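Everything on this sheet refers to the single structure shown next.
Ligands are counted one by one from 1 in listed order, and the atoms in each one are counted from 1 as well. Just so it is clear, the structure is predicted and the values come from calculations on it, not from any experiment.
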Amino acid sequence: MLRLGVNIDHVATIRNARGTPWPDALRAARIAEDAGADGITAHLREDRRHISDADIEALIEGLRLPLNLEMAATAEMQTIALRHKPHAVCLVPEKREERTTEGGLDVAGNENALAHYIEPLRAAGSRVSLFIGHHPNQIRAAARVGAAVVELHTGAFCDYDTEGRIEERDQELKGLQEGAALAASLGLEVHAGHGLTFDTVGPIAAIPEVMELNIGHFLIAESVFTGLGPAITEMRRRMEEARE
Ligand SMILES: CC(=O)[C@@H](O)[C@H](O)COP(=O)(O)O
Ligand SMILES: NCC(=O)COP(=O)(O)O
C-alpha cells in the first residue's frame with residue numbers, strides 16, 4: 001500500500017510567526033495520525049526557521065506513528081539523531097538562504113563522507129533515506145553509500161505543472177518514473193515528495209515503485225480552509241485513486 005507521510009514543518013512556521021505556543025506541532029501530528037497518516041515528517045533545519053528541538057523531543061515522546069526526521073548531514077544533526085533514534089532519518093541538502101529545499105543531495109559527489117556519516121545512524125536503528133534528484137548517478141551512489149531509501153525530489157515536476165510547462169513536466173515525470181525503477185532494481189525503497197498537491201499527486205502516486213509520499217506544505221495550506229484531517233483524507237483518496 002502507498003504510504004502517506006505528513007510533513008508538519010509549516011504548522012511550526014505559523015507558530016513561529018508570533019512566538020506563541022500555538023498552533024502546536026504535536027497536536028497537528030496527532031490529528032494527522034487520526035486522519036490516517038502513515039508517518040510524520042519534520043525537518044529540523046540548522047536555522048530552526050520552523051521545527052524546533054523541542055518539537056522533535058515532543059514528537060519522539062508523543063507520537064504513535066513513526067517519525068521521519070529530515071536534516072542536513074552535519075555533525076550537530078547527527079548528534080541529535082543519535083540521541084533520539086527516530087524511526088527514520090532523511091538527509092536533505094540545506095542552505096540558510098533558500099526559501100525551501102532547492103535540489104537533491106549530491107550523493108555522487110560525497111560518497112565517502114556520506115557512507116561514514118550514515119553508518120552510525122544505521123547502527124542506531126534509524127532507517128536512512130537520501131533526498132535526491134532522479135538522476136541515475138545519484139541513485140547508484142545512494143545504493144553504494146548504504147542508504148535504505150531514496151526520496152525522489154518532485155519539486156521540479158510540481159513547478160512545471162503549476163507554470164503550465166507541460167512538455168518539461170512530462171519529461172520530468174519520465175525521469176522520475178525511470179529513476180524509481182532503477183532505484184527499486186538496486187534494492188532501494190523508493191519514496192517521493194516536495195511540492196505535491198491535490199493536482200500533482202496523481203502521476204507520482206501512480207509510479208508503481210513508489211512506496212511512500214511525504215507531503216506537507218500543501219496540506220497545511222489546505223487545512224486553513226478545510227481542517228487538517230479532511231485535507232489528509234482527500235489526499236489519501238487521490239493517492240489511492242491513482243493506484244486503481
Ligand atoms: C526535503 C523537502 O522537500 C521538505 O521536506 C523540506 O522540509 C523542505 O524544507 P521546508 O519545509 O523548509 O520548505
Ligand atoms: N520531503 C518532502 C516533504 O516532507 C514535504 O515537502 P512539501 O510537501 O512540504 O513540499
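- Those atoms of ligand 1 with a heavy atom of Asp9 less than 4.0 angstrom away are 7 (O), 10 (P), 11 (O).
- Distances below 4.0 Å separate heavy atoms of Gly195 from the following atoms of ligand 2: 7 (P), 8 (O), 10 (O).
- Applying the 4.0 Å criterion to heavy atoms of Gly216 picks out, from ligand 2, the atoms 5 (C), 7 (P), 8 (O), 9 (O).
- Here the heavy atom of the protein found nearest to atom 13 (O) of ligand 1 is Thr100 OG1, 2.6 Å.
- In this structure, atom 10 (P) of ligand 1 lies nearest to the protein heavy atom His50 NE2, 3.6 Å.
- With hydrogens left out, the protein atom closest to atom 2 (C) of ligand 1 is His194 ND1, 3.4 Å, a heavy atom.
- Glu70 OE1, 3.4 Å is the protein heavy atom nearest to atom 4 (C) of ligand 1.
- Under the 3.5 Å distance criterion, the side-chain polar atoms of Tyr117 are matched with a main-chain donor or acceptor of Gln78.
- Scanning all protein heavy atoms for the shortest distance to atom 8 (C) of ligand 1 gives Thr101 OG1, 3.1 Å.
- Of all atoms in ligand 1, listed by their number and element, those nearer than 4.0 Å to a heavy atom of His43 are 6 (C), 7 (O), 8 (C), 9 (O).
- Near Val92, with a cut-off below 4.0 Å to any heavy atom, the atoms of ligand 1 are 1 (C).
- Listed by atom number, the atoms of ligand 2 under 4.0 Å from Asn7 heavy atoms are 3 (C), 4 (O), 5 (C).
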